[in-house]
Amino acid sequence: MCGIFGYVGNKTAYTEVYDGLKKLEYRGYDSCGISVIDKGKFRTIKKVGAPDELNGKSNSKATIGIGHTRWATHGVVNVKNAHPHISKDGTIVIVHNGVVENAHQFDYDLKSDTDSEVLANLIADEYTLDLGKAVSRALEKVEGTYGIAVMHRDDPKTIVAARRGSPLCIGISGDNSETYIASDTYALPPEISRVIYLEDGHVATIAADNLHIYKADQAVEFSHKITGVDHKYNAGDREGYTTFLEKEIREQPVAIRNAMRGRFSKDFTNILFGGIKLRKKVRRVLFLGCGTAYHAGLVGKYLIESIAGIPASVEYASEYKYKNTPTEDGTLIVAISQSGETIDTLTAIEEAQAQDHMVISITNVVASSIARLTNMGIYQHAGPEISVASSKAFTSQLTILVMLAIYIGRKHNLSKVQAKRYISQLRKLPALIEKTLDICTECKTLSAKWTSMKSCKFLGRQFMYPIAIEGALKLKELAYVDCHGYPAGELKHGPLAAVGYHAMCVYLAPQKELFEKNVSTMKEIMARDSHIIAITQEGLDFPEDTYDNIIYLPKAPDYLQPILAVIPLQFFSMYMAQSHQYNVDRPRHLAKSVTVE
Ligand code: F6R
């Protein structure tokens, strides 16, 4: 949520920062800005909209600068509230991600409605020729979360960065002559392969050719760990697609192959997860996640129960930390997060770790905060997901969850023979996804037909229930249609009352053994003059009076059907959004990684 980028070196800072912000715009795109120090003065440009608005060219030759792309938390979207913010005395400029929760306690005459401007003033008040110390002292006074980059007008060689709960990394050039600061390694130029991940509570004083990192509260410097960064998964551009979303939907066969690569034993009877070493036998699994990742956890619950044969549950990470969740010895907590930066999931993990639970993570971003915090986990290797709506990350998570269920099952009662059968079916998945992508062309016609829908219900039983709520979330976030997902059997317990003349339902019914049940529920809906788009699998002949339109997925075992069934829903939502000319990669009010509560 919000992107930060900074540069100090020998190139034109404005251009370097602009290029970095362009890559970060998926983190927030309601306003943006860049400040450089040029001949003893700040030169600041701020705009409403995405970084494109900033124009990559500047006549400033300054070699130090910071920038920001914003997802508004405090204050409406306008130029005044866009970052960077400058202190009242004009000496400090700051870009800030996070929330200063006690901003109201400080009495400054502010130009903007942001908590970040308070921080700029606090730092200016603390400044006595050492910017790092001023930042440390100011941060002692604030409550809340932050990732910041700060410059002082009279110190054109230094950027100070600090972090608590909001990610920041520092990239160093091969010859040590340039240093970058970014809220995501993805934004660093490809030639930067050495990175330091700033830890919570740390402050870094960064000059072009030297770097000091210390704990904010102790001012004691310590040696920092430089990590390699692999740019091989960098998305580059849209590669011929008009949107990142379409590119990412179509990348699903590759993402799923990458999720499986190197993870089967030689005889295909077991799963190899190099990143997991559990200290106890797993007796129960609890999944944590938010949004789409929560839906993955919900599928995970069905998978663990049916394949591994042990109990499983799922909690919204944002709820878990505020409630008492009774668990038993041997509970494995599996935190799922594409970005690895979601603050709700991060803090839920901290809570679980404080209770001495075994915690592993499933994340797509190598060395992300969640990956580092859990220290044990499974990387998705799905490649960067730039579009705000999650697509390939979700199906890649589901694939990993099937493998996790087999992995845990093998430590319980799952026989070699059964495991081998599951694995052989799983290996056919990329080909099934390719087939599904082919049949999804009809989703465009369907979305054109239903383009004026104002609300929609998504229904499904068993493995299809999580896909129903994921489908509802996709259509909601991309096409702004009011949608809800329900287990189909719940219809009679309330929602049916809202199914009236011309109501729209998407009904997920690919399971053979639930055929009769689904036919009867679909008839109940159609009898109320409503409309159904049915999603089923080849070979299931639904009577013609049970749907308006029908999509046939390729035949697959029931536990793999969620991975196929979500694909037409992704396309349908994308085409619906496009038919309204909405920006499918950047839905209104949302940002890719949610690093504030
Ligand atoms: C929906 C979507 C969000 C995320 C959620 C968690 O398409 O993308 O619901 O799934 O914000 O994000 P991560 O997985 O990064 O923790």
Side-chain angles (χ1 to χ4, degrees), residues 1-3 26-28 71 165-167 183-184 186 243-246 248-249 252 255 287-300 314-321 334-349 361-374 377-380 382-398 400-401 458 466-467 469-481 483 485 566-567 569-574 576-577 582-597:
M1 200 148 261
C2 303
Y26 68 102
R27 284 184 159 253
W71 184 89
S166 198
S183 46
D184 189 335
Y186 163 69
T243 63
F244 276 110
L245 182 62
E246 180 165 5
E248 287 157 13
I249 292 175
Q252 289 179 107
F287 293 101
L288 298 177
C290 299
T292 292
Y294 170 85
H295 301 157
L298 207 47
V299 178
V314 52
E315 298 268 0
Y316 283 109
S318 54
E319 281 296 303
Y320 174 79
K321 60 191 167 174
V334 181
I336 306 174
S337 172
Q338 183 283 131
S339 63
E341 300 295 349
T342 301
I343 192 83
D344 291 309
T345 313
L346 198 78
T347 46
I349 294 170
S361 58
I362 298 175
T363 60
N364 192 30
V365 180
V366 174
S368 53
S369 301
I370 288 178
R372 285 179 292 127
L373 180 66
T374 48
I378 306 163
Y379 280 127
Q380 298 182 227
E385 198 181 59
I386 302 300
S387 184
V388 165
S390 193
S391 57
K392 64 174 178 175
F394 179 64
T395 46
S396 140
Q397 283 159 358
L398 299 192
I400 288 170
L401 290 169
F458 287 73
I467 302 308
I469 55 175
E470 170 63 7
L473 177 68
K474 285 287 97 93
L475 192 56
K476 207 170 350 203
E477 72 176 327
L478 288 171
Y480 317 150
V481 176
C483 301
V566 75
I567 296 173
L569 305 184
Q570 296 167 346
F571 273 112
F572 183 66
S573 305
M574 180 184 83
M576 280 291 270
Y582 297 147
N583 185 332
V584 301
D585 285 335
R586 298 191 241 130
R588 68 182 183 198
H589 312 324
L590 300 178
K592 185 65 181 166
S593 53
V594 183
T595 53
V596 288
E597 256 194 80

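Both counts, for ligands and for their atoms, begin at 1 and track the order of listing. We number each residue from 1, following the sequence as shown.
Close approach of ligand 1 to Val388 (heavy-atom distance below 4.0 Å) involves ligand atoms 8 (O). In the vicinity of Ser390, heavy-atom distances shorter than 4.0 Å reach the ligand 1 atoms 7 (O), 8 (O). Below 4.0 Å from some heavy atom of Ser337 lie the following atoms of ligand 1, by number and element: 13 (P), 14 (O), 15 (O), 16 (O). Every atom of ligand 1 is numbered from 1 in the order shown, and the set under 4.0 Å from a heavy atom of Ala293 is 10 (O), 14 (O). The atoms of ligand 1 that sit less than 4.0 Å from any heavy atom of Gly291 are 9 (O).
Distances from atom 1 (C) of ligand 1 to the heavy atoms of Glu470, Glu477, Gln397 put Glu477 nearest. Nearest-residue assignment for atom 3 (C) of ligand 1 (options Val365, Thr342, Thr292; heavy-atom criterion): Thr292.
In this structure, Glu248 and Ser390 have side chains that are not in contact, with every pair of non-hydrogen atoms separated by 4.5 Å or more.
Shortest contact from atom 5 (C) of ligand 1 to any protein heavy atom: Cys290 O, 3.4 Å. In terms of protein heavy-atom proximity, atom 15 (O) of ligand 1 is nearest to Ser339 OG, 2.6 Å. Ranking the protein heavy atoms by distance from atom 11 (O) of ligand 1 puts Val594 CG2, 4.2 Å first. Shortest contact from atom 14 (O) of ligand 1 to any protein heavy atom: Gln338 N, 2.7 Å.
Thr395 and Gln252 share a side-chain donor-acceptor pair at under 3.5 Å. Remark: the Gln380 side chain and the Gln338 side chain contain no N/O donor-acceptor pair separated by less than 3.5 Å. Looking at Gln570 and Ser391, their side chains never bring a donor and an acceptor atom within 3.5 Å of each other.
Taken from CD in Glu385 to CG in Leu245, the straight-line distance is 8.5 Å, to the nearest 0.5 Å. Rounding to the nearest 0.5 angstrom, the gap separating the OG1 atom in Thr342 from the CD1 atom in Ile336 is 11.5 Å. Note that CE of Met576 is 13.0 Å distant from OH of Tyr480, once rounded to the nearest 0.5 Å. Atom CD1 of residue Ile370 and atom OG1 of residue Thr345 lie 5.0 Å apart, to the nearest 0.5 angstrom. Going from atom OG1 of Thr292 over to atom CD of Glu470 covers 3.5 Å, rounded to the nearest 0.5 Å.
Neither the backbone nor the side chain of Glu341 has a heavy atom within less than 4.0 Å of ligand 1.
Contact between Lys474 and ligand 1 is present, with at least one heavy atom of the residue lying under 4.0 Å from the ligand. Taking a 4.0 Å cut-off on heavy atoms, Ile370 fails to register as neighbouring ligand 1.
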